[in-house]
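To start, the structure under review is shown below, and the notes come after it.
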Amino acid sequence: MTAPPQILDSHLHLWDRRRFSYPWMAELPALPETSLPAGRGATATAAIVVEAGISTDQRADEVDWLTALAAEDPLIRGIVAAVDFTDPHLAEVVARLADRPLVVGVRDNFESRPAGDLDPGPSATARELLRGIETVRSAGLTVDLCVRADQLIELDALLAGRGSAEGFVLDHLGKPLPFDPDFSHEEWAEAMTVLASRSGLHVKFSGLPGQAPDAVDADVALALANSFAGDVITAFGPERTMYGSDHPVSTTGHGLPDHQWEQAAAAGLRRVVDDTDFAAVMAATAADFYLTRRNQ
């Protein structure tokens, strides 16, 4: 039997820009040409690999490629695949993904959607997204939610439209903007507390360095972790909070080695949880959310 990992990275991106097309990376020269398991410096021994914004026509190829990588490297424990919740053929796409043992969930990235798109009251798009979400959850797959901080209230309305948020995880703490002079930490914390009241909703302690406009060093990474750890643990608890690196987007892409974010996140979390809860945030919560439930 394989021993449980001490650190399970719940949000790792792998890519190969020589092989595939990732349109959003075109104007981001700081991102590496490849992100592969061998290029990591962090100590996590297990990871959930989240789709990397590959071209729509290559989404199935991305899953095939990651599955082949996983056959060679035990780091990869699960895949969160890219989908479009408004795709008229979503049911067929999801059925194929659900047949792939490594696919544990899906993501349709919401952060590029305009204001108002996620509120099912006025938005027909939101109601269509909810139908797509139901298709995914009916297949037993989890849903990663990636939104901007200014979409958190809308996201709560979207989740209210279906009742339970079981099987959902909010990426990157909802993408707060601590370097923006107009950002209100208090308003962000209030929105997160409201979201945490949604039964079953999880959150990833990830992505903070990625919100910086410039390079981030180890001291800044630690300050970020210290600033946000207490609020997220208070709102969600360790049983619904999971560590993630968002490597290499939030690490290499901002001049920060991935092991330094891992260390900063661990130090920030250590300040607000005991040893048992620390073990949960760093591995057990993600393992239960993505892996245990998928195998039941």
Side-chain angles (χ1 to χ4, degrees), residues 5-18 20 22 24-54 62 66 69 73 75-80 107 109 111 144 146 148-149 169-180 203-229 232 241-270 278 281-283 286 290:
Q6 290 186 315
I7 300 179
L8 193 165
D9 182 351
S10 71
H11 205 99
L12 174 67
H13 294 295
L14 299 178
W15 63 63
D16 188 340
R17 298 168 73 175
R18 303 165 303 183
F20 302 115
Y22 307 86
W24 66 279
M25 298 185 195
E27 298 182 4
L28 296 171
L31 292 177
E33 186 174 45
T34 62
S35 173
L36 301 170
R40 297 166 51 257
T43 65
T45 57
I48 303 299
V49 180
V50 178
E51 59 89 15
I54 201 166
E62 181 179 44
L66 292 172
L69 284 181
D73 197 313
L75 173 77
I76 303 170
R77 302 292 179 88
I79 299 167
V80 174
R107 183 169 78 159
N109 201 322
E111 66 175 320
D144 267 56
C146 189
R148 307 182 305 271
V169 59
L170 177 62
D171 294 347
H172 312 326
L173 301 174
K175 290 205 161 186
L177 298 170
F179 299 93
D180 186 335
V203 66
K204 292 185 182 181
F205 193 76
S206 61
L208 287 172
Q211 305 313 306
D214 301 305
V216 172
D217 62 20
D219 290 337
V220 172
L222 179 59
L224 287 169
N226 287 341
S227 294
F228 287 89
V232 71
T241 303
M242 58 184 81
Y243 162 75
S245 71
D246 193 33
H247 176 70
V249 179
S250 289
T251 53
T252 308
H254 288 264
L256 183 71
D258 60 332
H259 73 275
Q260 290 186 356
W261 168 245
E262 184 182 82
Q263 292 168 357
L269 290 162
R270 280 276 190 199
F278 180 75
V281 176
M282 297 304 288
Y290 280 119

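Separating the CD1 atom in Ile7 from the CD atom in Glu262 is a distance of 4.0 Å, to the nearest 0.5 Å. One distance of note links CG of Leu224 with CG of Asp219; it measures 11.0 Å at 0.5 Å rounding. If you take CE on Met242 and CG on Asp171, they are separated by 9.5 Å, rounding to the nearest 0.5 Å. Taken from CZ in Arg40 to OG1 in Thr252, the straight-line distance is 11.5 Å, to the nearest 0.5 Å. Atom-to-atom distance recorded for Cys146:SG and Asn109:CG is 4.0 Å, nearest 0.5 angstrom. Note that the CG atom of Leu66 and the NE2 atom of His13 stand 11.5 Å from one another [nearest 0.5 Å].
Within the 4.5 Å cutoff, side-chain heavy atoms of Gln211 are placed close to those of Lys175. Considering only heavy atoms from C-beta on, Val220 comes within 4.5 Å of Phe179 through its side chain. For the pair Leu208/Pro176, a side-chain contact is recorded, criterion being any heavy-atom separation below 4.5 Å from C-beta on. Counting heavy atoms from C-beta outward, Asp9 and Asp258 have side chains that stay 4.5 Å or more apart. Side-chain contact between Lys204 and Asp246: absent, with no pair of heavy atoms (C-beta onward) separated by less than 4.5 Å. Contact annotation: the side chain of Val49 never approaches that of Trp15 to less than 4.5 Å [non-hydrogen atoms, C-beta and beyond]. In this structure, the side chains of Thr251 and Pro209 stay at 4.5 Å or more apart for every pair of heavy atoms.
Summarising the geometry of Arg77 relative to Thr45, their closest heavy-atom pair is NH2-O, 3.8 Å, with the distance given to 0.1 Å. Minimum heavy-atom separation, Ala52 to Leu14: CB-O, 4.0 Å. Scanning both residues, Ala229 and Gly268, for their nearest heavy atoms gives CB-O, 3.6 Å. Taking all atoms of both residues into account, the shortest heavy-atom contact from Ser245 to Ser250 is O-CB, 4.1 Å. When all heavy atoms of Leu256 and Ala218 are compared, the pair lying nearest together is CD1-N, 4.0 Å. Contact detail for Ser10 and Val50: the closest heavy-atom pair is O-CG2, 4.0 Å.
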**OP:** Start with the C-alpha distance between Val169 and Tyr290, add both sets of side-chain angles, then the distance that settles side-chain contact (heavy atoms from CB on, under 4.5 Å), and finish with yes or no.
**Re:** CA-CA 10 Å; Val169 59; Tyr290 280 119; 3.5 Å; yes
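Cation-pi geometry between Arg17 and Tyr22 is not met at under 6.0 angstrom from the ring centre and within 45 degrees of the axis.
Ring geometry for His11 against His172 counts as perpendicular: the plane angle is over 60°, on a 0 to 90° scale with 30° as the lower cut.
By the side-chain hydrogen bond (donor to acceptor under 3.5 Å, both in side chains) test, Asp16 is found to be paired with Arg18, residues two or more places apart in sequence or in another chain being considered. Residues passing the salt bridge (charged side-chain N to carboxylate O under 4.0 Å, His left out) test with Glu51, sequence neighbours excluded: Arg107.
Side chain of Trp261 to main chain of Ser206: no donor-acceptor pair is present (N/O by atom type, distance under 3.5 Å, no hydrogens or angles).
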